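Here the structure comes first, spelled out in structure tokens, and everything after it is commentary.
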Amino acid sequence: LKNILVTGANGQLGTEIKELAKQLKDKNFLFHDVDTLDITDPAAMEAFGKENNYDFVINCAAYTAVDKAEEDQETAALINTYAVQNLIELASQKNACFIHVSTDYVFDGTNHTPYKERDKTKPNSVYGETKLKGEDIANNYEKSIIIRTSWLYSSFGNNFVKTMLRLGAEKSNLNVIFDQVGTPTYARDLASAILNIIDFISDKGIVPAGVYHYSNEGVCSWYDFAREIMEQKEFSCKVAPIETSQYPTPAKRPHYSVLNKGKIKQTFNLEIPYWKDSLKECLNILN
Ligand SMILES: NC(=O)c1ccc[n+]([C@@H]2O[C@H](COP(=O)([O-])OP(=O)(O)OC[C@H]3O[C@@H](n4cnc5c(N)ncnc54)[C@H](OP(=O)(O)O)[C@@H]3O)[C@@H](O)[C@H]2O)c1
């Protein structure tokens with residue numbers, strides 16, 4: 001029986017892991033969020049390590065408010081960067097494998113082909129910067145698996161899909177950005193991939209440490225994503241494409257952040273669902 005600690009367990013990804021965990025008998029989960037385990041509190045983290053056993057630590061905790069981070073740099077850094085030191089210390093106390101989640105926003109978006117793990121990072125935003133520095137800290141531990149993902153959504157929490165469902169039901173017209181291209185990721189698929197990775201590592205007894213990219217398959221703009229949501233829901237709301245410059249936000253986002261997932265698929269023998277199929281699954285749950 002493997003013991004798995006999940007931090008930030010009430011967020012989108014953490015909640016999806018909880019959902020999948022309900023069906024698993026071969027794993028024992030310890031789910032904690034900031035109220036019971038604050039990853040920025042070194043003393044609390046150390047005490048937790050002394051009192052508990054775990055073979056894996058999955059960090060789903062993060063400061064994810066991308067625009068707010070531009071003015072709240074300190075809090076974003078505390079959670080996305082410095083807390084990672086506490087997490088690797090917690091993992092190393094038990095020689096546990098550390099699975100850390102990062103973001104496509106570590107890239108500046110000037111690529112024309114899907115980003116590989118070794119491509120040059122250059123964040124455009126405070127959020128991206130704090131997450132990249134968090135990766136650097138995670139990389140100091142020899143049992144760290146860092147998974148960069150993009151455009152995460154879930155039936156839990158707030159996200160683009162939930163916003164589009166609300167606006168699509170209320171409005172007859174909607175403008176959505178078409179010059180930011182990437183891939184949506186259903187958090188349940190990422191949760192399932194992480195659990196498969198844990199099985200792989202448990203079976204093989206080795207940790208293929210390093211950075212990996214994971215999103216759903218395919219490519220779209222936010223505009224296409226919105227169109228697909230309206231179509232699947234049979235909403236009559238008309239979606240029009242606009243440019244980023246017509247929808248200014250405090251944080252600058254990459255224009256292109258499609259991730260190449262060859263490494264994670266090959267290393268862990270994963271199959272990744274197509275984004276439209278996963279969207280359908282999520283919308284079914286929300287119905
Ligand atoms: N969302 C996206 O579009 C996206 C895209 C790419 C990558 N990612 C990455 O994917 C991962 C999961 O994202 P998500 O969307 O599931 O995030 P989320 O829904 O915002 O969940 C993060 C969770 O962490 C908790 N948390 C905050 N500070 C904490 C602390 N000091 N100690 C313990 N827990 C704390 C949050 O609690 P509160 O809500 O109370 O603050 C929340 O429950 C993150 O690493 C994120 O950077 C996300």
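It should be emphasised that the depicted structure is a prediction, and the values quoted were computed from it without experimental measurement. Remember, it's 1-based here, ligands and their atoms both numbered in the order they're listed. Note that the numbering runs from 1 along the sequence shown for the chain.
Under the 4.0 angstrom criterion, atom 39 (O) of ligand 1 counts as lacking any protein heavy-atom contact. Using a 4.0 Å threshold on non-hydrogen atoms, atom 31 (N) of ligand 1 counts as touching the protein.
For Gln12, a nitrogen or oxygen atom sits less than 3.5 Å from a nitrogen or oxygen atom of ligand 1, counting backbone and side chain alike. Taking distance alone, with nitrogen or oxygen atoms compared against 3.5 Å, Gly11 approaches ligand 1 more closely than that limit. Considering backbone and side-chain N/O atoms, Ile79 never comes within less than 3.5 Å of an N/O atom of ligand 1. In terms of N/O distances under 3.5 Å, ligand 1 is not approached by Thr103. An N or O contact shorter than 3.5 Å links Asp38 to ligand 1 by distance. Between Asn59 and ligand 1, no pair of N/O atoms sits closer than 3.5 Å.
For the pair Lys276 and Glu231, the salt-bridge criterion is not met [side-chain N within less than 4.0 Å of a carboxylate O]. Electrostatic pairing of Lys252 and Asp108 does not count as a salt bridge here, judged by no charged N lying under 4.0 Å from a carboxylate O.
The shortest separation from a heavy atom of Thr7 to ligand 1 is not under 4.0 Å, leaving the residue out of contact.
Residues Tyr214 and Phe268 place their aromatic rings such that the two centres sit no closer than 6.0 Å.
The part of Tyr127 lying near ligand 1 is the side chain, judged by heavy-atom distances below 4.0 Å. Contacts of Ser154 with ligand 1, taken as heavy-atom pairs under 4.0 Å, are absent altogether. Residue contacts with ligand 1 for Val34 involve both N, CA, C or O and side-chain atoms from C-beta outward (heavy atoms, distance under 4.0 Å).
Heavy-atom proximity to Thr40, at under 4.0 Å, picks out these atoms of ligand 1: 31 (N).
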